[in-house]
Amino acid sequence: MQTTLLTDLYQLTMAQGYWLLGRHEQNATFSLFFRKQPFSGGYAVACGLEKALAYLQNFAFSQDEVAYLATLQGYDETPLFHPEFLQYLQQLRLQVEVLAAAEGTVVFAQEPLMRVTGSLLQCQLLESYLLNVINFETLVATKASRIVMAAEGEPVLEFGLRRAQGNDGALAASRASFVGGCAATSNVLAGYQYGIPVRGTHAHSWVMSFTSEQESFQAYADAMPNNCVFLIDTYDTIRGVKHAIAVGKTLQEKGKQLLGVRLDSGDLTYLSQKVRKILDEAGFAQTKIYASNDLDELLIRDIKQQGAKISVWGVGTKLSTAYEQPALGGVYKLTARQDNSGKWLPTLKMSEQKNKVNIPGMLQIRRYELGETFCGDMIYDSLQGEPKQHIIIDPKNSSRRKQIKHTKFYDLLQPVFNDGKRLTTQQDLFSIQEYAKKQLASLHEGITRLRNPHEYPVGLESELYKLREEMILQARGFDA
């Protein structure tokens, strides 16, 4: 159920402040971006836009929500919100313009994934929800893409429902994992709601509920002859695969097949090699070996390099929870505003940490391609017009500059919402996944390395870099 109360209180207190000061209709632009690549990697996969657009389309304060806000009090036990302001909220209809990178787009630190322009009050009210959705789904989609790359074309199944952060977190993780390249999920609701293929057979409890392991396999084969992947490590893996083979032969007699066996513990490399040999010698060369057990991209890479005979990878906890990095760290910053005369002014947030100094302006990203490969991204200010040079400057180090020879280019942020209406048609998840695969394939392989990746060239357009440096000096009390 959607509710506009899924926000931080300070968004509402600021909104009332703007309203009381008569600044609520002053136009502004906010950029949503992250400061550092997740998982010490070289890229991220943008995700969550579809849910964000659904929220924008249905944005409204209900009578009950406004009634709740009326009960909130300040420290002096008087109402926190003015009745007239609450009435204003109940009548509020969203009129912002939103530009965004398409879901599945590979994106990089400091680049806006989304640009929101409209009244200061309305833009402010959207911050918490947009960050909640884009942060988490982008993080999980990126993690999934890394795991899928490590599997080198072998299917990855997302099994994270039981370990995910609540119901909504589980559903969002299943969706984002599919965008990132997973082949299927164990989450039936995700299958129902998004059309993601669902997979699953039985757990250890099934085996333990019978007198013997072979009896449990046979019973499952009798009940579900078209879905037989047996979990063979409840007691002893080698005996388990032999029991699976015995039942597999009864399946063959009925014109069915033993689809696979699953390993969920132990030395997966060693056991998969032993199990593969036993299966092949018994005439079950087509039976696949599935593996699970707290897998992530680094462990999968190592297991494969050691010669594992695994065909399908089941990944749960470390995917659905983005285990090593619990948050993307995305932020939503005011980057430009209109003054009383209607003139647009770039805005700058200062910090003692240079990576926390935002990029001012009404920002856009221009992506350059050389052949089928992305060769650099330019962040530029639309208020300054079209870039005049194909030079990008590292915002953290002015000596790092790149001249991009004239190649094909396009702007990543495209209009997706305006004046209460979405401007794009809803894409099915398979199309988004395919787009993400093409995006990842357009990166140099050094950028997709799991550790110590090559840094993709992202920089500021020269006039924007100059503007930012001047604004930094002025903010610190120096003449530019």
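This is a predicted model, so every value here is computed, not measured. Side chains are part of it too, since the values below use all heavy atoms of this structure and drop only hydrogens, waters and symmetry mates.
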Which atom pair, heavy atoms only, marks the closest approach of Leu49 to Ile134? N-CD1, 3.8 Å
Can you name the closest pair of heavy atoms from Val188 and Val198 and give their distance? CA-CG1, 4.1 Å
Shortest non-hydrogen contact between Pro457 and Cys375, atoms and distance: CG-O, 3.6 Å
Using a cut-off of 6.0 Å, state whether more than 12 heavy atoms not belonging to Glu372 lie near its atom CD. no
Is it true that, when you exclude Arg163 itself, more than 12 heavy atoms of the residues, nucleotides or ligands shown sit nearer than 6.0 Å to its CZ? no
Do Thr321 and Pro326 have side chains that get closer than 4.5 Å, going by heavy atoms? no
Atom CD of residue position Gln193 - does it have more than 12 heavy atoms of other residues, nucleotides or ligands inside 6.0 Å? yes
Between Tyr368 and Asp377, does any side-chain donor sit less than 3.5 Å from a side-chain acceptor? no
Taking 4.0 angstrom as the limit, do Arg400 and Glu455 come out as a salt bridge? yes
So Val247 and Phe230, do their side chains get closer than 4.5 Å, heavy atoms only? yes
Please confirm whether the ring centroid of Phe108 lies under 6.0 Å from the ring centroid of Phe34. no
Do you see a donor-acceptor pair shorter than 3.5 Å between the side chains of Tyr380 and Asp411? yes
Please say whether the positively charged group of Arg175, taken as NZ for Lys or CZ for Arg, lies over the ring of Tyr194, i.e. under 6.0 angstrom from the six-membered ring centre and within 45 degrees of the axis. yes
Might you confirm whether atom OH of Tyr270 has over 12 heavy atoms from other residues, nucleotides or ligands at distances under 6.0 Å? no
Find the distance between OG1 (Thr269) and CD1 (Ile303) and round it off to the nearest 0.5 Å. 5.0 Å
Backbone N or O of Asp294 within a donor-acceptor pair of the Thr317 side chain at under 3.5 Å? no
With side chains defined as the heavy atoms from C-beta onward, is the minimum distance between Leu94 and Leu126 less than 4.5 Å? yes
Stepwise side chain to side chain contact (heavy atoms under 4.5 Å, CB included) test for Leu263 and Leu231: CA-CA 6 Å; Leu263 304 172; Leu231 183 56; over 6 Å; no
Heavy-atom donor-acceptor pair, Asp233 side chain to Asp264 backbone, under 3.5 Å: yes
Shortest non-hydrogen contact from Ile359 toward Gln110: CD1-O, 4.0 Å
Looking at Ser272 and Ala308, would you say the former's side chain and the latter's main chain have a donor-acceptor pair under 3.5 Å? no
Distance check, rounded to the nearest 0.5 Å: Leu413 atom CG versus Leu363 atom CG? 8.5 Å
Closest non-hydrogen atoms of Glu137 and Ala176, given as atom of the first, atom of the second and distance, are O-CB, 3.4 Å
Can you tell whether the side chains of Asp222 and Lys254 come within less than 4.0 Å, N to carboxylate O? yes
Would you compute the distance between atom CZ of Arg146 and atom CG of Leu440 and round it to the nearest 0.5 angstrom? 11.5 Å
Is a side-chain N or O of Glu158 found less than 3.5 angstrom from the main chain of Gly160, in a donor-acceptor match? yes
Show the numbers, then the answer: is there a ring-ring contact (aromatic ring centres under 6.0 Å, His included) between Phe409 and His390? CA-CA 10 Å; Phe409 61 80; His390 301 287; 5.8 Å; yes
Is the CG atom of Asp428 crowded by more than 12 outside heavy atoms at less than 6.0 Å? yes
Check the pair Leu259 / Thr287 against side chain to side chain contact (heavy atoms under 4.5 Å, CB included), numbers first and verdict last. CA-CA 5 Å; Leu259 298 176; Thr287 297; over 6 Å; no
Is a donor on one side and an acceptor on the other found under 3.5 Å between the side chain of Glu152 and the backbone of Met149? no
So do Tyr43 and Thr142 actually touch side chain to side chain, heavy atoms under 4.5 Å? yes
Value for CZ (Arg262) from OG1 (Thr237), rounded to nearest 0.5 Å, stands at 12.0 Å
Give a yes/no verdict on a cation-pi contact between Lys333 and Phe30, requiring under 6.0 Å between NZ or CZ and the six-membered ring centre and an angle within 45° of the axis. no
CD/Glu445: more than 12 non-hydrogen atoms of other groups inside 6.0 Å: no
Begin from the C-alpha positions of Arg93 and Gln122 and carry the test side chain to side chain contact (heavy atoms under 4.5 Å, CB included) through to its verdict. CA-CA 9 Å; Arg93 294 298 176 264; Gln122 292 193 19; over 6 Å; no
Answer yes or no: is there an ion pair linking Glu281 with Arg276, defined by an N-O contact shorter than 4.0 Å? no
Please examine the side chains of Thr105 and Val45, heavy atoms only from C-beta on, and report whether any two atoms are closer than 4.5 Å. no
With distance as the sole criterion, is a donor-acceptor pair present between the side chains of Thr29 and Arg115 under 3.5 Å? no
Is it true that, when you exclude Tyr410 itself, more than 12 heavy atoms of the residues, nucleotides or ligands shown sit nearer than 6.0 Å to its OH? yes
Roughly how far, to the nearest 0.5 Å, is OG of Ser320 from CZ of Phe136? 7.0 Å
Any Gln426 side-chain heavy atom under 4.5 Å of Glu50 side chain: yes
Any donor-acceptor pair under 3.5 Å linking the side-chain atoms of Thr3 with those of Glu65? yes
Do the non-hydrogen side-chain atoms of Arg366 and Pro387 ever get within less than 4.5 Å of each other? yes
Where the side chain of Asp381 meets the backbone of Leu464, is there a donor-acceptor pair that is under 3.5 Å apart? no
Looking only at atom types and distance, does a side-chain atom of Arg401 sit under 3.5 Å from a main-chain N or O of Gly459, one as donor and one as acceptor? no
Before accepting this row, confirm whether a basic side-chain N of the pair Glu154/Lys288 lies closer than 4.0 Å to the acidic partner's carboxylate O. no
Without swapping roles, check the side chain of Tyr332 against the backbone of Cys123 for a donor-acceptor pair under 3.5 Å. yes
Close side-chain approach of Met114 to Val98, heavy-atom, < 4.5 Å: yes
Any ion pair linking Glu297 and Lys143 (charged N to carboxylate O, less than 4.0 Å)? yes
Taking NZ, NE, NH1 and NH2 as the nitrogens, is one of them in Asp168 or Lys51 under 4.0 Å from a carboxylate oxygen of the other? yes
Looking only at heavy atoms, which two atoms of Leu139 and Pro38 are closest? And how far apart? CD1-CB, 3.9 Å
Once rounded to the nearest 0.5 Å, what's the spacing between atom CD1 of Ile196 and atom CG of Asn187? 7.5 Å
Assess the side chains of Asp394 and Tyr465: does a donor N or O sit below 3.5 Å from an acceptor N or O? no
Is atom OH of Tyr68 surrounded by more than 12 heavy atoms (other residues, nucleotides or ligands) closer than 6.0 Å? no
If we ignore angles and hydrogens, is there a donor and acceptor under 3.5 Å between the side chains of Asp8 and Ser128? yes
Give a yes or no on whether the backbone of Asn135 and the side-chain of Thr138 come within a donor-acceptor separation of less than 3.5 Å. no
Verify, without hydrogens or angle tests, whether Gln427 (side chain) and Ile432 (backbone) share a donor-acceptor contact under 3.5 angstrom. no
Please work out which of the three classes, parallel, tilted or perpendicular, describes the rings of Trp206 and His202, given edges at 30° and 60°. tilted
